[in-house]
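Residue numbers start from 1 in every chain, and the chains themselves are labelled A, B, ... in the order their sequence lines are given, proteins ahead of strands.
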There are 2 protein chains.
Amino acid sequence: MTTDDFNLDDFLPYQISMLSARMNGLLSATYVEGYNLSNSEWRVLVHVARREKMSVRDIHKCVNLEKPAVSRAVTRLENNGLLVKMTSEQDHRLVEIQLTDAGIDVLNDITPKALAFEKKLLQAFSAEDGALFYTLMERLHNQLDKDPNATPRKPRADGRPRCLPD
Amino acid sequence: MTTDDFNLDDFLPYQISMLSARMNGLLSATYVEGYNLSNSEWRVLVHVARREKMSVRDIHKCVNLEKPAVSRAVTRLENNGLLVKMTSEQDHRLVEIQLTDAGIDVLNDITPKALAFEKKLLQAFSAEDGALFYTLMERLHNQLDKDPNATPRKPRADGRPRCLPD
DNA sequence: TCTAATTCGTTTCACTTGCAACGAATACCA
DNA sequence: TGGTATTCGTTGCAAGTGAAACGAATTAGA
């Protein structure tokens with residue numbers, strides 16, 4: 001195997017990285033529109049919407065963000081009036097994060113746009129291909145799980161237990 | 001559409017972002033191993049291997065890196081003795097970048113590891129599924145191309161013309 | 001030929017990020 | 001109960017990134 005034969009463009013991790021960058025770059029335009037939200041802030045906002053009294057740790061556990069990133073995003077969002085932060089009564093280490101009405105408004109405005117963006121993307125696929133693509137991504141995740149050095153996958157945040165506060 | 005119905009985990013851009021992050025995070029371990037190369041530096045190194053007398057602009061045009069990122073990566077690689085930089089005779093603005101023997105050695109060591117990593121990932125797929133996955137990614141790229149705000153896709157760097165210095 | 005526009009690579013700046021360390025609060029356990 | 005460990009959120013720090021600006025070199029056009 002000589003070095004010359006290696007072609008970055010066909011290299012799977014690079015391809016996915018490129019696709020991700022393009023896609024998320026374009027998506028940013030959606031939620032930056034008017035509100036100037038960063039990617040991290042949007043993720044936090046979306047996740048906090050799931051439930052009242054979310055803690056920084058809850059968010060960190062579910063969304064793919066480091067603890068400091070969550071902390072800072074929350075601070076910025078609070079400064080912009082989109083959420084409020086109160087120290088928990090039961091455990092003074094914990095912070096209870098909650099959307100404000102303004103935060104809810106913003107989210108209600110942005111969410112449909114984000115979904116429309118996704119929908120437009122998915123027009124590239126037939127219904128079966130769309131499902132297949134998700135399946136294939138899932139297989140790659142499973143393959144990554146086999147490597148102990150891989151970043152562990154974040155649990156799902158939806159209805160099923162895995163991620164809601166214990 | 002209420003905000004609560006939105007599930008980040010099923011959101012295509014987020015999913016791809018997660019997959020990319022996990023995959024590239026794990027890959028980094030490969031080329032950091034012993035050489036302490038950053039992602040940018042590895043991309044530059046790989047690309048420079050394609051041809052002698054590569055310029056910063058050539059790299060920027062092909063690899064998905066901003067010009068300043070390329071410039072700095074090249075500087076670091078030069079300081080580490082993996083490539084040399086000479087101003088072009090014909091055009092004094094241009095820089096001619098070229099791997100050193102040390103650079104070639106490093107690349108010859110890392111490349112097979114990177115390919116092995118990719119191969120292991122692809123074990124998640126049957127041969128047909130692998131090809132299909134690439135096809136589906138291609139369709140997503142095409143869909144992104146339709147949006148004028150999307151970052152234009154970098155041309156391929158392989159034998160076929162698109163990317164080699166004009 | 002002489003000036004203006006363009007190109008190339010670098011630098012600067014503001015911003016984000018990941019990692020480690022820290023103080024405060026709580027849990028654990030002899 | 002008292003002392004150690006652990007957990008939580010924040011902060012500092014070093015490094016990386018994107019956008020704009022800049023100087024040097026070249027090209028284009030009057």
(message) Need to verify one output field. Residue with the more 5' nearest nucleotide on DNA chain C, B:V56 or A:A69?
(response) B:V56
(request) Let me know the distance between CD of B:E96 and C1' of C:dG9, rounded to the nearest Å. (result) 14 Å
(request) Would you tell me if any nitrogen or oxygen in the side chain of A:R93 comes within less than 4.0 Å of OP1 or OP2 on C:dA24? (result) no
(message) Side chain of B:S55 only, heavy atoms from C-beta on: which candidate in D:dG18, C:dC19, C:dG9 is closest?
(response) C:dG9
(message) In whole Å, I'd like the distance from the CD atom of A:Q90 to the P atom of C:dA24.
(response) 22 Å
(request) Find the distance B:N39:CG to D:dT17:C1' and express it as a whole number of Å. (result) 13 Å
(request) Ignoring hydrogens and angles, state whether a donor on the side chain of A:R72 or A:S38 is under 3.5 Å from an acceptor on the partner side chain. (result) no
(message) Output the rounded distance in Å from NE2 (A:H60) to C1' (D:dC8).
(response) 11 Å
(request) Using atom CG of B:N64 as one end and atom C1' of D:dG18 as the other, report the distance to the nearest whole Å. (result) 12 Å
(request) Could you tell me whether the phosphate oxygens of C:dT10, OP1 or OP2, come under 4.0 Å of any side-chain nitrogen or oxygen in B:S71? (result) yes
(message) Under 4.0 Å from OP1 or OP2 of D:dT10: is there any side-chain N or O of A:K85 that close?
(response) yes
(request) With heavy atoms under 4.0 Å as the rule, sort B:S40 into base, sugar-phosphate or nothing. (result) sugar-phosphate
(message) My understanding is that only residues two or more places apart in sequence, or in another chain, count here; which of them pass side-chain hydrogen bond (donor to acceptor under 3.5 Å, both in side chains) with A:D145?
(response) B:R22
(request) Whole angstrom is fine here: how far is it from NE2 in A:H92 over to P in D:dT7? (result) 20 Å
(message) I need the NZ-P distance between B:K67 and C:dT7, as an integer number of Å.
(response) 10 Å
(message) Using the side-chain contact (heavy atoms from CB on, under 4.5 Å) definition, which of the options B:L107, B:N80, B:V44, B:L45 pairs with B:L37?
(response) B:L45
(request) Round to a whole Å and report the spacing from CG of A:L94 to P of D:dT10. (result) 11 Å
(message) Closest-nucleotide mapping onto DNA chain D: is B:E41 or A:R72 further toward the 5' terminus? I mean the 5' end.
(response) A:R72
(request) State yes or no: do B:L140 and A:Y134 share one hydrophobic cluster built from I, L, V, M, F, W and Y residues joined by side-chain heavy-atom distances below 4.5 Å, directly or via other members? (result) yes
(request) Please state whether the rings of A:F133 and A:F125 are parallel, tilted or perpendicular, taking 30° and 60° as the class boundaries. (result) tilted
